[in-house]
**Student:** 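Mind looking over this structure? Questions follow.
Each chain gets a letter, A, B and so on, in the order the sequences are listed, and its residues count up from 1. Note that these values count all heavy atoms, side chains included, but never hydrogens, waters or copies made by symmetry.
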Amino acid sequence: MIKITLPDNSVKEFHEGISGLEIAEAISNRLAKEVLSVTVNGEIWDLNRPIRSDAAIKLNQWDDREGKETFWHSSAHLMAEAIETLYPGTKFGIGPSIDNGFYYDIDLPEGRMLTDKDLASIEAKMLEQARAKNDIVRKDISKADALKYFSQKNDPYKVELISDLPDGSITLYNQGDFTDLCRGPHLPNTGYIKAIKLTSIAGAYWRGNEKNKMLTRVYGITFPKQKMLEEYLIMLEEAKKRDHRKIGREMELFHLSPEVGLGLPLWLPKGAILREQLELFLKKVQKKFGYEQVITPHIGDVNLYKTSGHFQKYGKDSFQPITTPTEGEEYLLKPMNCPHHCEIYRFKPRSYKDLPIRLAEFGTVYRYEQSGELHGLTRVRGFTQDDAHIFCRPDQLKDEFLKVIDIVFIIFKALDFKEYTAQISLRDPNNTEKYIGSDENWEKAQRAIVEACSEKGLKTTTVLGEAAFYGPKLDFMIKDALGRSWQLGTIQVDYNLPERFKLEYIGSDDKRYQPVMIHRAPFGSMERFCAVLIEHTAGKFPVWLTPDQVVVLPISEKYNDYAQKVLNELNNSDIRTVIDDRNEKIGRKIRDNELKRIPYLLIVGEKEAENGTVSVRRQGEGDKGTMTIAEFSDFLRSEIREQLREAFN
RNA sequence: GCCAGUGUAGCUCAGGGGUAGAGCGCUUCCUUGGUAAGGAAGAGGUCAUGAGUUCAAUUCUCAUCACCGGCUCCA
């Protein structure tokens, strides 16, 4: 007998060799029907794989991440089976599950192409093969046999994958006539898969390397119930309505004109208000944290970027230098603000008592992103960073780093971003020549970040090889409407630029020391941040941000004068208003889409004009009663204070 | 930069070898009084650009550009 520990810490005894499915059956019929895989001592297993010793297990259902993973991984195999049936001779790369379904990278027989129209026939074949309820069977195999099998099958990709695996760890999975190299786990049989939608086709390089052959990647998603697929498709439609490009046009926030240039957004009046409010908010926060605003030019001498090392690393792939009538003189559109800020630091000798110095700037930078990369406001070629550089003594580094994390938290709180991930990006230890700076400095910088994060209790993931070329960083990522992750806030520790720019401060012992630098942008960029904000709120911003806070509506033409008076008074108190006038004598008609996103409606008519009041309605909440204009101003201001209070606590 | 898809009015889209349509929006007029309207008239398009096939191309073919979905990249 073996002891099985369940997630609630209860222990049950079963005979040796019992499977996850049998345990589920012993608990309840319903569980047995719904369970998809079993986690055994932290490792996800097939349901029918025998458990031979004491173990802690968890039975994974659809609602568990592990359950979905198993389900979609098996779906990828099912798709491969269908594709092999329909297009014999196809070679297969990898086919994992992803956040929203799965994909398989395939190499179709010479001359064969896959287009969207082929997806329906693959779907149909998959359904057919799913209904056959073929068992998915796991088989241990020696490395030699695995290599032989896939060499015979003439599949170079699998052969390459197997070559990298140690002998003794290789398993094959078989269903129907299809056999794939796979670690598993998988569903017991293909019949679990009831609803299938192949979503798109894309090119993808083998092993993600640009120099390798491009394979065809087929994306799909499957569900155990048809209804779940329908709900998913509806959810996708809803998500598209929140797309910042669509709302940006509807709300007249920004415009991307090809006449101006690719990836160079134009901010329309209302978008400018949104941006300005965000900037004011952050400036206020930064003032509290001891930052000083600076302003620097949009171009800089090429030599400045040679000093920083940026030119050598990125010059060829950037906007090219601007020449002048003077022979040999070259300027670069600034791709980042740090060199300028370093020069501000160097303006005069600095004492250890001056540090930390925190220089902040909403600095517009220009980067020549690849054309295929441009995407609405999230990936552009000209954008404004909410940048700042902190120059501090080594002993102040951690404290400063922690304070920057605090600023990021304040922003996330004020805007109700709850679901973010924090990623620590370190340099790739096997490829250190990609980076500038000494090993010692890298070590120090990386350690500072890791320690600061653990001190904050921040849950982080760590990725090697994702660091900036001058230093490691901590990034905050947020998902957009369609679940794509975007990097917003970033905090980077840098020992290298201070060295390159020969930055110094005088210590208490009258000796010269080098400061440490922190690059940080809690929004990331105004463009990307606004994009993600729009998708999160679907354009219904908090009152303090919204471009139009109040609509004033005169009930008839007779009250236009009074409405105008109300408007003027509100405008005097910095409240952002529009007037809605059916007769369009004093204002314009406010349209549906627009109206839904304005939080307050003030109705003025006979009664209000007599008493000097307004009737207040709050979007989605209804009547707030009749009040004087002064009362309403106070009311609105207190709502804004309320919205921001939590952020500052 | 690479793979696939799309490109028709300001927006959302229908159509289709014989030089264009709808809804919304826009302009003008009328109507409308506690709520986000109703009626009438009107303006708007070299059907992305260039070449080819054809008696004839917005429609078919090719190329280019842009956009969309991915890949790579992302200081």
Side-chain angles (χ1 to χ4, degrees), chain A residues 98 103 105 113-119 199-219 240 243 245-246 249-250 252 255-259 262-263 305 308-315 317-318 332 334-339 365-376 378-381 383 385 387 425 435-436 466-471 473 475 482 484 486-487 490 492 494 497 519 521 524-525 528 551 553-559 580-584 588-596 598 601 603-608 615 617 623 626:
Chain A
I98 51 177
Y103 67 80
D105 284 347
M113 282 234 306
L114 217 53
T115 68
D116 289 350
K117 291 166 196 75
D118 300 315
L119 293 182
T199 43
S200 70
I201 296 178
Y205 302 106
W206 169 237
R207 300 202 135 183
N209 190 327
E210 223 178 336
K211 293 181 182 70
N212 288 341
K213 179 164 182 185
M214 181 166 273
L215 308 181
T216 306
R217 179 169 295 181
V218 186
Y219 285 88
K240 278 189 195 146
D243 190 312
R245 293 165 293 192
K246 182 176 160 64
R249 188 162 45 227
E250 283 170 8
E252 302 187 359
H255 176 50
L256 287 157
S257 161
E259 312 294 317
L262 297 188
Y305 305 103
S308 70
H310 289 102
F311 187 73
Q312 294 85 324
K313 185 139 176 85
Y314 297 106
D317 303 321
S318 291
L332 217 56
K334 81 172 162 187
M336 76 291 306
N337 303 300
C338 0
V365 297
Y366 298 89
R367 301 177 182 177
Y368 193 78
E369 305 291 354
Q370 293 182 23
S371 63
E373 261 317 313
L374 302 173
H375 179 97
T378 52
R379 198 72 191 273
V380 288
R381 286 181 173 165
F383 58 95
Q385 295 180 309
D387 212 355
S425 300
Y435 309 92
I436 58 170
E466 288 280 302
F469 78 100
Y470 51 77
K473 55 182 185 167
D475 292 328
L482 285 174
R484 291 173 293 212
W486 294 98
Q487 178 204 312
T490 180
Q492 313 179 355
D494 185 358
L497 282 189
H519 308 244
S525 81
R528 183 177 288 177
V551 196
L553 175 74
I555 204 62
S556 84
E557 212 176 318
K558 272 193 271 176
Y559 307 105
D580 186 1
D581 175 18
R582 305 174 189 197
N583 299 303
E584 300 173 66
R588 60 189 177 86
K589 275 201 262 187
I590 308 294
R591 302 294 164 197
D592 267 5
N593 264 338
E594 213 178 335
L595 196 63
K596 272 184 224 146
I598 301 176
L601 171 67
I603 297 165
V604 299
E606 188 177 1
K607 200 173 69 208
E608 289 81 6
S615 289
R617 284 166 172 245
D623 218 336
T626 301

**Student:** Has A:Arg367 got a side-chain atom pairing as donor or acceptor with A:Pro335's backbone, closer than 3.5 angstrom?
**Tutor:**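 Pair found, side chain donor or acceptor close to backbone of A:Pro335.
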**Student:** Ring-plane angle category for A:Trp486 and A:His375, please: parallel below 30°, perpendicular beyond 60°, tilted otherwise.
**Tutor:**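 Tilted: the ring planes of A:Trp486 and A:His375 meet at 30° to 60°.
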**Student:** Tell me whether the rings of A:Phe469 and A:His310 are parallel (<30°), tilted (30 to 60°) or perpendicular (>60°).
**Tutor:** perpendicular
**Student:** What I want to check is whether an N or O donor and acceptor connect the side chain of A:Tyr205 with the base of B:rG70 at under 3.5 Å.
**Tutor:**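 Per atom types, no contact qualifies.
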**Student:** Classify the side chain of A:Tyr559 versus the base of B:rG33 as yes if they form a donor-acceptor pair under 3.5 Å and no if they do not.
**Tutor:**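 Check passes, donor-acceptor contact within cut-off.
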**Student:** Just to be sure I understand the rule, does A:Ser308 reach a base, reach only the sugar-phosphate, or reach nothing, if contact means heavy atoms closer than 4.0 Å?
**Tutor:**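 The residue A:Ser308 makes no contact with any strand.
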**Student:** Counting runs of three or more consecutive pairs, Watson-Crick or G-U wobble, with each distance below 3.5 Å, where are the stems of RNA chain B?
**Tutor:**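 For RNA chain B the paired stretches long enough to count as stems (3 pairs minimum) are B:1-3 with B:69-71, B:5-7 with B:65-67, B:10-13 with B:21-24, B:26-30 with B:38-42, B:48-52 with B:60-64.
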**Student:** Looking at B:rG34, B:rG1, B:rC71, which one has an atom nearest to any side-chain atom of A:Lys607?
**Tutor:**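 It is B:rG34.
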**Student:** State whether the distance check finds a donor on one side and an acceptor on the other, under 3.5 Å, for side chain A:Glu252 versus base B:rG10.
**Tutor:** no
**Student:** Anything under 3.5 Å between a protein N or O and an N or O of nucleotides 11-13 of chain B, put it in a table, one pair a line.
**Tutor:**
residue, atom, partner, partner atom, Å
B:rU12, OP1, A:Arg249, NH2, 2.8

**Student:** Considering every strand and a 4.0 Å limit on heavy-atom distances, what is the contact class for A:Tyr219: base, sugar-phosphate, or nothing?
**Tutor:** sugar-phosphate
**Student:** Regarding A:Gln487, tell me which of base, sugar-phosphate or nothing describes its non-hydrogen contacts under 4.0 Å with the strands shown.
**Tutor:**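 No contact at all - A:Gln487 keeps every heavy atom at 4.0 Å or more from the nucleic acid.
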**Student:** Testing the basics here: between A:Gly203 and A:Met214, what is the closest heavy-atom pair and its distance to 0.1 Å?
**Tutor:** CA-SD, 3.7 Å
**Student:** Measure from the side chain of A:Arg379, starting at C-beta and using heavy atoms only, and say which of B:rG33, B:rC74, B:rA75 lies closest.
**Tutor:** B:rC74
**Student:** Return the polar atom pairs (N/O with N/O) between nucleotides 62-69 of chain B and the protein under 3.5 Å, or none.
**Tutor:**
residue, atom, partner, partner atom, Å
B:rC68, OP1, A:Arg245, NH1, 2.8
B:rG69, OP1, A:Arg245, NH2, 2.8
B:rG69, OP1, A:Arg484, NH1, 3.3
B:rG69, OP2, A:Arg245, NH1, 3.2
B:rG69, OP2, A:His375, ND1, 3.3
B:rG69, N2, A:Ile201, O, 3.3

**Student:** Base, sugar-phosphate or nothing for A:Ser318? Non-hydrogen atoms, less than 4.0 Å.
**Tutor:** base
